[in-house]
Every structure is written in C-alpha cells, then in structure tokens.
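Below you'll find the structure, written out as structure tokens, and then a few comments.
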Amino acid sequence: MSGYKVGYGKPPKTTQFKKGKSGNPSGRPKGSLNLATDVTAELGEFITVREDGRSRRVSKQRALIKSLMAKALQGDVRAMTSLLALYARGITEAPNDDNQAVDADELQVLRRFAPRLLRSGNRR
C-alpha cells in the first residue's frame, strides 16, 4: 500500500464511503415530514363541532382540549391529571410576548411544582 496505516479511526480504504456516494442511499427522502410536523399540521386543521345546539368550526387541538375538559369536569381523574399537566407545561414555557400574565416569583413557584405534578400523573 501507499503508506496508509490502518488503525483506530482509520478504516481500510476499501471500506470507506466513496466520494459523492451517500452512506445511506435508501434513507429518509429530502422534504419528508417528521412526526412532530405531521401532528402539528393535523392539530391545526379545523373541524365542525356542535356546542350548545350550534355548529362551530374549531381546530382539532381546541376540540381535544374541550373534550378533555368535559371529561375532567365529570370526575375523570386521568383527564384531570392530563389537563393540569398540559396547563403546567403551558404556563412554565416562556411567553412569546412582552405582556407577562405571571410575574417572576409566581413562575418560579410553578416551575418547581410542575415536575412534581407530572410525576404524580405517571403513577396512575
């Protein structure tokens, strides 16, 4: 050979990827969407729901939250836990606007409480 030493981090030249050729030719195609993108798109779509005898168009995300709230109000403990966990996650995220609804001290308390709430939901 031409002085190329095989060893740690230096595989034989014959087994290295060839220039211009992908190491995973049948991998994920460019432009394909991941699960998070698909779920976000699906939750953003609108559906028609009947509420108080009237038809309304709401996002699927909003409809899921309304359904979860209805179950929680009927006494479903799992629905209550899920709803409170969603709420805790939502209020501990940094707000996008300058108008903060929660001051810094309250946010600190909520951030300390949220993990405990989430752990308690996992026990059931």
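Keep in mind that the numbers below use all heavy atoms, side chains included, and drop hydrogens, waters and symmetry copies. A quick note: this is a predicted structure, and the numbers were derived from the prediction, not measured.
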Measure across [X] and [Y] and return the closest heavy-atom pair with its distance rounded to 0.1 Å.
X     : Y     : answer
Arg50 : Ser55 : NH1-OG, 3.2 Å
Ser82 : Leu68 : CB-CD2, 4.2 Å
Glu51 : Lys66 : OE2-NZ, 3.1 Å
Ser32 : Pro29 : OG-O, 3.0 Å
Ala72 : Met80 : O-CE, 3.3 Å

Do Val77 and Leu73 belong to the same hydrophobic cluster, where Ile, Leu, Val, Met, Phe, Trp and Tyr are linked whenever their side-chain heavy atoms lie under 4.5 Å apart, directly or via other members? no
Should Ile47 and Leu43 be counted in the same cluster of Ile, Leu, Val, Met, Phe, Trp and Tyr side chains packed under 4.5 Å apart? no
So, taking the atom named [atom1] in [X] and the one named [atom2] in [Y], what distance separates them when rounded to the nearest 0.5 Å?
X      : Y      : atom1 : atom2 : result
Phe17  : Asn24  : CZ    : CG    : 8.5 Å
Leu110 : Asp105 : CG    : CG    : 11.0 Å
Gln61  : Thr40  : CD    : OG1   : 8.5 Å
Asn34  : Arg28  : CG    : CZ    : 7.5 Å

Check for a donor-acceptor pair, side chain of Glu45 on one end and backbone N or O of Lys60 on the other, with a separation under 3.5 Å. no
Looking at Ser67 and Ala63, would you say the former's side chain and the latter's main chain have a donor-acceptor pair under 3.5 Å? no
Tell me which one of Ile65, Val58, Leu64 satisfies side chain to side chain contact (heavy atoms under 4.5 Å, CB included) with Arg62. Val58
Verify the neighbour count for atom NZ of Lys18: are there more than 12 heavy atoms of other residues, nucleotides or ligands below 6.0 Å? yes
